[in-house]
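Letters go in sequence order (proteins before strands), and every chain restarts at 1.
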Number of protein chains: 2
Amino acid sequence: MDGAAPATKDILLETAGELFADAGLDGVSIRAIAKKAKANIAAIHYHFGSKDNLYMEVVRHVMNQIRCTLAGELLTRTEEWRSDPMRCADVVCQLIEERMRQFFPDAHPRWYGRLFMRMLLNPTPALGKLAEEIIVPDLDQVTKVFRLCKPSMTETEARCWTDTLLGQLGHYVFSEQFAQYVPKKNIYDSEFVETVYRHLSRLLLKGLDLPLPESLKDDCFEE
Amino acid sequence: MDGAAPATKDILLETAGELFADAGLDGVSIRAIAKKAKANIAAIHYHFGSKDNLYMEVVRHVMNQIRCTLAGELLTRTEEWRSDPMRCADVVCQLIEERMRQFFPDAHPRWYGRLFMRMLLNPTPALGKLAEEIIVPDLDQVTKVFRLCKPSMTETEARCWTDTLLGQLGHYVFSEQFAQYVPKKNIYDSEFVETVYRHLSRLLLKGLDLPLPESLKDDCFEE
DNA sequence: GTCTATAGGGTGATAGAC
DNA sequence: GTCTATCACCCTATAGAC
């Protein structure tokens with residue numbers, strides 16, 4: 001609203017986000033948020049009006065930050081790739097890479113993905129509307145790209161591949177939260193992320209009958 | 001504890017479970033549980049001691065109900081299938097079917113899966129220990145079966161396939177909760193469940209280099 | 001914009017009658 | 001085993017001084 005807003009509001013937004021991501025809307029009090037942000041409880045109401053509004057703003061902020069827009073962009077220039085299987089394969093790999101950045105980020109905090117998953121599990125009408133504007137179109141566009149890569153698929157079949165991609169990545173967001181209590185679980189280091197990328201790429205390229213790029217063939221020995 | 005316990009305790013368990021599955025531990029008050037179960041607030045403390053204990057008992061109950069034990073059983077008689085690709089394919093399909101019953105159940109209430117996912121997102125040391133005893137071994141055994149089906153895989157690669165299976169099914173548990181606020185989302189009817197089963201079967205069989213059974217080939221036209 | 005003080009309501013838990 | 005009454009606590013939100 002105001003042009004030169006001080007940092008307090010942003011600090012509150014980030015702090016609240018991290019806490020919400022870990023414990024959910026009901027699991028965090030505005031007292032805890034204010035304490036961690038070294039701000040005052042009343043400041044939250046001053047800047048956001050209410051706890052619910054703060055949560056909504058946090059979710060909106062995170063949704064916009066982790067948004068995946070590549071599919072939409074690719075659909076504006078389909079003639080560049082749709083008829084060439086090698087380019088289709090490259091397009092699919094790019095989509096996987098973008099989606100992985102959403103959940104295994106370098107650029108933004110790790111808890112963004114957790115908050116996103118939590119938002120899915122605790123929907124409200126307002127959140128649903130927000131998601132309908134931001135997430136649903138993005139996913140529909142990914143599904144459309146997949147269908148262009150393999151036109152023989154039905155809409156539902158293509159959707160299954162989108163769900164496979166999203167499901168596996170979402171699964172790791174969960175597991176990471178849970179892993180702290182299960183000692184032997186592996187850590188999500190860069191090596192693991194690379195393994196997941198290769199797994200998803202092979203899986204989708206095979207499923208969409210696209211050729212595997214050389215870089216994915218290395219350790220792909222048939223039995 | 002007592003031999004001929006009346007129904008009240010069980011009613012409380014089921015009622016609390018459904019409410020916890022929808023709103024989480026923090027999202028439900030014991031007053032709401034008592035009201036819906038037509039029981040008294042004090043009865044909850046009498047039977048379970050505390051709200052946290054009630055939650056633990058609910059989770060333990062659900063975990064035992066939706067437990068997947070087929071992989072463990074298959075591992076006791078590997079010589080019957082491991083050397084025959086067709087039988088390996090059958091084994092994999094059986095594992096998918098069992099796992100789908102866990103999330104798209106006919107036998108038990110739909111909210112079991114939701115509670116399970118919520119438990120993963122809100123871990124506590126006690127829940128972690130419980131999961132370590134029940135879930136982790138089951139999943140390890142599934143991974144072991146996959147490795148026997150395709151011995152050239154590393155442990156981590158095999159784990160990725162387990163995660164693919166679990167992730168996709170978990171993803172639908174989420175989406176179902178969220179779908180009520182996103183009008184155009186499809187309903188999870190039996191036709192959809194069948195589509196998902198075929199999708200996962202093809203995906204895993206292809207990935208594990210196993211033959212596709214006739215029943216999965218019908219609409220599998222190559223482009 | 002920031003802070004203190006406080007209102008007003010919901011929470012989990014318990015004591016004690018039946 | 002079940003119920004009522006009640007306690008002590010924590011919560012969100014707001015009023016008003018600075």
Side-chain angles (χ1 to χ4, degrees), chain A residues 1-61 115 118-119 122-127, chain B residues 1-61 115 118-119 122-127:
Chain A
M1 308 300 171
D2 33 287
T8 307
K9 189 172 179 178
D10 293 329
I11 294 172
L12 280 171
L13 214 55
E14 283 286 310
T15 310
E18 187 164 5
L19 290 173
F20 283 145
D22 284 340
L25 175 60
D26 296 323
V28 184
S29 66
I30 54 170
R31 282 176 157 77
I33 296 167
K35 188 179 176 188
K36 195 175 181 196
K38 283 169 186 150
N40 194 279
I41 312 171
I44 292 177
H45 288 96
Y46 175 80
H47 285 291
F48 301 96
S50 73
K51 186 190 181 184
D52 283 330
N53 269 351
L54 168 59
Y55 183 67
M56 277 295 292
E57 293 246 8
V58 166
V59 173
R60 188 196 311 275
H61 175 249
L115 186 83
R118 204 175 274 282
M119 186 268 306
N122 290 53
T124 62
L127 286 175
Chain B
M1 307 297 175
D2 33 287
T8 307
K9 190 173 178 178
D10 293 328
I11 294 173
L12 280 171
L13 215 55
E14 283 285 311
T15 310
E18 187 165 4
L19 290 172
F20 283 146
D22 284 340
L25 175 60
D26 296 322
V28 184
S29 67
I30 54 170
R31 284 177 159 79
I33 296 168
K35 188 180 176 186
K36 195 174 180 196
K38 285 169 184 147
N40 195 280
I41 312 171
I44 291 176
H45 289 95
Y46 174 79
H47 285 291
F48 300 96
S50 72
K51 186 189 181 184
D52 283 330
N53 270 350
L54 168 60
Y55 183 67
M56 277 294 291
E57 292 247 7
V58 166
V59 172
R60 188 196 311 276
H61 175 249
L115 186 82
R118 206 175 273 282
M119 185 270 304
N122 290 54
T124 63
L127 285 176

Rounded to whole Å, the CD1-P distance (I33(A) to dC11(D)) equals 11 Å
Check whether any side-chain nitrogen or oxygen of S29(A) sits under 4.0 Å from OP1 or OP2 of dC10(D), and answer yes or no. no
Between I44(B) (CD1) and dG1(D) (P), how many Å, whole number? 16 Å
R31(B) side chain: which of dC3(D), dT11(C), dT2(C) is closest? dT11(C)
First locate atom OH of Y46(A), then atom OG1 of T8(A), and finally report the distance between them rounded to the nearest 0.5 Å. 10.5 Å
Interatomic distance, H47(B) atom NE2 to E57(B) atom CD [nearest 0.5 angstrom]: 11.5 Å
Roughly how far, to the nearest 0.5 Å, is CG of L115(B) from CZ of R118(B)? 8.5 Å
Atom CG of L19(B) and atom P of dT11(C): how far apart are they, to the nearest Å? 13 Å
Side chain of H47(B) (C-beta onward), nearest among dA15(C), dT4(C), dG1(D): dG1(D)
For residues 32-45 of chain B, which side-chain donor-acceptor pairs fall under 3.5 Å, sequence neighbours excluded?
{"from": "N40(B)", "atom 1": "OD1", "to": "A42(B)", "atom 2": "N", "distance (Å)": "2.9"}

Would you indicate which nucleotide in dA13(C), dT2(C), dT2(D) comes nearest to any side-chain atom of Y46(A)? dT2(C)
Students often get this wrong, so: under 4.0 angstrom with heavy atoms, is A42(B) touching a base, only sugar-phosphate, or nothing? base
Determine: side-chain N/O of H45(B) to OP1/OP2 of dT14(C), distance under 4.0 Å, yes or no. no
DNA chain D: L25(A) or I41(B), which has the more 5' nearest nucleotide? I41(B)
Side chain of S50(A): nearest nucleotide among dT4(C), dT2(C), dA13(D)? dA13(D)
Take atom OH of Y55(B) and atom P of dG12(C), then tell me their distance rounded to the nearest Å. 14 Å
Judged by nearest nucleotide, the residue sitting upstream toward the 5' end of DNA chain C, A43(A) or K51(B), is A43(A)
Between K51(B) and D26(B), is there a donor-acceptor pair closer than 3.5 Å when you use the side chain of the first and the backbone of the second? no
Can you find a side chain N or O atom of T8(A) that sits less than 4.0 Å from OP1 or OP2 on dT2(C)? yes
Rounded to the nearest Å, what distance is computed from the CG atom of residue L12(B) to the C1' atom of nucleotide dG1(D)? 12 Å
What is the separation between atom CG on D26(A) and atom P on dC10(D), rounded to the nearest whole Å? 18 Å
Expressed in angstrom and rounded to an integer, what is the separation of L54(B) atom CG from dT11(C) atom P? 15 Å
Taking OP1 and OP2 of dG1(C), is either one under 4.0 Å from a side-chain nitrogen or oxygen of N40(A)? no
